[in-house]
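Working notes for the structure below.
Both counts, for ligands and for their atoms, begin at 1 and track the order of listing. The figures that follow rest on heavy atoms only: side chains count, while hydrogens, waters and symmetry mates do not.
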Amino acid sequence: MTAQLARKPENTGVMEIIRCDSSAQAERETAATLRRYITRTAKPALGLATGRTMLPVYAWFREWYRDGELSFANSTSFNLDEYCGLASDDPSNFVSYMRRNLFNHVDMEEGRFHFPEQTDPEAFDARIGDSGGIGLQLLGIGRNGHIGFNEPGADRNSRTHVVTLTESTRNANAGDFPAGTPVPEQAVTMGIATILEAQRIVLLATGNGKADILKRAFHGPVSSDCPASYLQLHNHVTVICDGAAAAHLGEPS
Ligand code: GLP
């Protein structure tokens, strides 16, 4: 595992890139980073993400909770995004994903985890603000550079809002739905400004399918064409990746 610090010209902050020897090591390192934050903070406020990349991270949380090494009793969480138009108990929505993979298995009480709602997106930013803001935001990255569901073209100043998903994102997520069930066309997501207000951001990317977009996001220009590139504007980002995802990092753009 190697860590590299890059000081971005756009700001005075530090971006840390941690290259791990395997995806398993990257997943554990990500989970351990959140665990350190949770155990050292009186009232942790977590920003959480879904997607296949995060499944092993939540598996670590479940294991550490079972072993008495981690508690979520004092934590509050805010998930990045949710599909529009699905029933609240639809197994393909992100609430169900989080219950299945984390909340049903740990001491996170009902009412302490929050999801944006299409009927009142702005209320989500207000709720985050009321909690004192997100202390650590966990992020994955879409192959087109989306973070949350902020697709290419996303506005730097956007707050939680309803978005229309691109065809490529809907295709990428089709496997999370039963065969023949269409992926919703819309979703509600934290905006770029909402995400950038987190005190610290940890982005996990694994596999060679993420190699091109990681290079664009962190070695390319800050541009709405690649929403993840906005993370260069943040002053405390940690990118954790395996060798496959890091394959093009370090190459000139
Ligand atoms: C999803 C989520 C993102 C996630 C991304 C990557 O659509 N909205 O939060 O980071 O796409 O997903 P995966 O980890 O399955 O590649």
Inset, instruction - Locate the shortest heavy-atom distance separating Leu231 from Val237; write the atom from each residue and the value. - result: O-CG2, 3.5 Å

Legend entry - Ligand-side contact atoms (ligand 1) for residue partner Asn173, heavy atom cut-off under 4.0 Å: 1 (C), 7 (O)

Legend entry - Atoms of ligand 1 close to Ile141 [distance to a heavy atom under 4.0 angstrom, numbered from 1]: 6 (C), 10 (O)

Legend entry - Distance-only N or O hit between ligand 1 and Asp81, under 3.5 Å: yes

Legend entry - Check: Asp242/Gln25 side-chain N/O donor and acceptor closer than 3.5 Å: no

Inset, instruction - Identify, for atom 15 (O) of ligand 1, the protein heavy atom at the shortest distance, and state residue, atom and that distance. - result: Arg52 N, 2.9 Å

Inset, instruction - Note the single closest protein heavy atom to atom 16 (O) of ligand 1, along with its residue, its atom name and the distance in Å. - result: Lys210 NZ, 2.8 Å

Legend entry - Donor-acceptor side-chain pairing of Glu122 and Thr160 below 3.5 angstrom: no

Inset, instruction - Quick one: look up the protein heavy atom nearest atom 5 (C) of ligand 1 and list residue, atom name and how far away it is. - result: His146 NE2, 3.5 Å

Inset, instruction - Give a yes/no verdict on a cation-pi contact between Arg35 and Trp64, requiring under 6.0 Å between NZ or CZ and the six-membered ring centre and an angle within 45° of the axis. - result: yes

Inset, instruction - Give a yes or no on whether Glu69 atom CD has more than 12 heavy-atom contacts from other residues, nucleotides or ligands under 6.0 Å away. - result: yes

Legend entry - Partner of Phe103 under ring pair (Phe, Tyr, Trp, His ring centres under 6.0 Å), chosen from Tyr97, Phe94, Phe113: Phe113

Inset, instruction - With heavy atoms of Thr53 as the reference, note each atom of ligand 1 found under 4.0 Å away. - result: 13 (P), 14 (O), 16 (O)

Legend entry - Contact (N/O only, under 3.5 Å) between Gly142 and ligand 1: no

Legend entry - Non-hydrogen atom of Arg143 closer than 4.0 Å to ligand 1: no

Inset, instruction - Determine, step by step, whether Val183 and Tyr83 satisfy the side-chain contact (heavy atoms from CB on, under 4.5 Å) criterion, reporting the C-alpha distance in whole Å, the side-chain angles of both residues, the deciding distance to 0.1 Å, and the verdict. - result: CA-CA 9 Å; Val183 178; Tyr83 289 111; 4.0 Å; yes

Inset, instruction - Mark the output for Met54 as yes if a heavy-atom distance to ligand 1 is under 4.0 Å, and as no if none is. - result: no

Legend entry - Protein heavy atom at shortest distance from atom 3 (C) of ligand 1: Gly148 O, 3.6 Å

Inset, instruction - For Gly140, counting its heavy atoms only, list the atoms of ligand 1 lying under 4.0 Å from any of them. - result: 10 (O)

